[in-house]
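Comments concern the structure below.
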Amino acid sequence: MNIDLKKENEKLTVTVVGRVDTVTAPELEKVIEENAVGVTELIIDLKDMSYTSSAGLRVFLKAQKLMNAQGEMKLINVQSDVNEIFEITGFSDILNIETV
């Protein structure tokens with residue numbers, strides 16, 4: 001997994017490339033926590049994320065809870081295979097998701 005960050009004022013865009021699983025999810029969680037201070041808009045671009053496990057789902061849920069307290073969060077460019085995981089788990093009802 002690779003993570004790219006772009007911060008503009010109070011907007012943070014996190015681009016995730018690869019798989020978010022038990023091994024990589026802690027890194028994504030740490031990056032979001034460390035960079036979301038003072039952010040009112042968190043955009044997570046999943047255009048190149050191929051898979052997420054339950055560990056990844058937990059990171060997205062935790063980020064959503066954080067942003068509920070300080071602004072808004074959106075997952076963008078979600079691929080159909082990944083979106084299916086969000087739908088099956090019910091996360092599509094909790095997260096603001098924009099598919100490709």
Side-chain angles (χ1 to χ4, degrees):
M1 177 188 71
N2 290 315
I3 302 169
D4 182 52
L5 297 175
K6 183 178 180 184
K7 197 166 188 179
E8 299 174 30
N9 300 319
E10 296 177 341
K11 178 181 177 180
L12 174 65
T13 302
V14 179
T15 303
V16 181
V17 178
R19 297 171 53 94
V20 179
D21 54 28
T22 306
V23 173
T24 59
E27 178 185 353
L28 178 60
E29 182 176 6
K30 183 178 178 185
V31 166
I32 291 172
E33 284 178 355
E34 289 177 352
N35 291 280
V37 176
V39 169
T40 58
E41 183 180 6
L42 173 61
I43 306 296
I44 303 178
D45 189 339
L46 303 180
K47 176 181 63 142
D48 295 315
M49 186 181 82
S50 57
Y51 171 79
T52 185
S53 71
S54 59
L57 292 174
R58 188 184 71 75
V59 172
F60 295 125
L61 182 60
K62 190 171 180 183
Q64 182 65 63
K65 287 181 178 180
L66 172 70
M67 292 311 298
N68 284 346
Q70 65 189 55
E72 65 178 329
M73 181 180 101
K74 189 183 312 182
L75 303 179
I76 64 169
N77 299 319
V78 178
Q79 300 297 317
S80 60
D81 289 348
V82 174
N83 193 53
E84 188 174 335
I85 294 168
F86 288 132
E87 289 178 356
I88 289 170
T89 58
F91 276 60
S92 57
D93 296 332
I94 300 168
L95 303 173
N96 184 1
I97 299 172
E98 291 183 7
T99 58
V100 176

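In what follows, residues are counted from 1 in the order of the sequence shown. Atom set for the values below is all heavy atoms of this structure, side chains included, hydrogens, waters and symmetry mates excluded.
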Can [Y] be reached from [X] by stepping across I, L, V, M, F, W or Y side chains whose heavy atoms are under 4.5 Å apart?
X: Met67; Y: Ile3; result: yes
X: Val100; Y: Val16; result: no
X: Val17; Y: Val59; result: no
X: Phe60; Y: Ile43; result: no
X: Ile76; Y: Leu61; result: no

Which distance, rounded to the nearest 0.5 Å, do you find between the [atom1] of [X] and the [atom2] of [Y]?
X: Thr13; Y: Glu41; atom1: OG1; atom2: CD; value: 7.0 Å
X: Ile97; Y: Phe86; atom1: CD1; atom2: CZ; value: 5.0 Å
X: Asn2; Y: Glu27; atom1: CG; atom2: CD; value: 8.0 Å
X: Leu42; Y: Leu66; atom1: CG; atom2: CG; value: 8.0 Å
X: Ile32; Y: Met73; atom1: CD1; atom2: CE; value: 7.5 Å
X: Leu75; Y: Asn77; atom1: CG; atom2: CG; value: 10.5 Å

For [X], give me all partners under salt bridge (Lys or Arg N to Asp or Glu O under 4.0 Å), at least two apart in sequence or on another chain.
X: Glu33; value: Lys62
X: Asp48; value: none
X: Glu10; value: none

Checklist entry - Between Glu8 and Lys6, is the closest basic N to carboxylate O distance under 4.0 Å? => result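 Here Lys6 pairs with Glu8 in a salt bridge, since their nearest N and O are under 4.0 Å apart.
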Checklist entry - Would the number of heavy atoms belonging to other residues, nucleotides or ligands and lying under 6.0 Å from NZ of Lys65 be above 12? => result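 Incorrect, the count does not exceed 12.
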Next on the checklist: Counting only heavy atoms not in Asn9 (residues, nucleotides, ligands), do more than 12 fall under 6.0 Å from its CG?
Outcome noted: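 No, the 6.0 Å shell around CG holds no more than 12 heavy atoms from other groups.
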Please name the pair of heavy atoms, one in [X] and one in [Y], separated by the smallest distance, quoted to 0.1 Å.
X: Met49; Y: Val20; value: SD-CG2, 3.5 Å
X: Asn35; Y: Val39; value: O-CG2, 3.4 Å
X: Leu5; Y: Val14; value: CD2-CG2, 3.6 Å
X: Gly56; Y: Ala25; value: N-CB, 4.0 Å
X: Ser53; Y: Asp21; value: OG-CA, 3.2 Å

Next on the checklist: With a 3.5 Å distance limit and no angle check, can you tell me whether Gln79 reaches the backbone of Lys47 through a side-chain donor-acceptor pair?
Outcome noted: yes
Checklist entry - Just by distance, do the side chain of Thr24 and the backbone of Arg19 share a donor-acceptor pair under 3.5 Å? => result yes
Item to check | Ser80-Asn83 side chain donor-acceptor pair, cut-off 3.5 Å | outcome: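 Per modelled atom types, Ser80 and Asn83 side chains form no pair under 3.5 Å.
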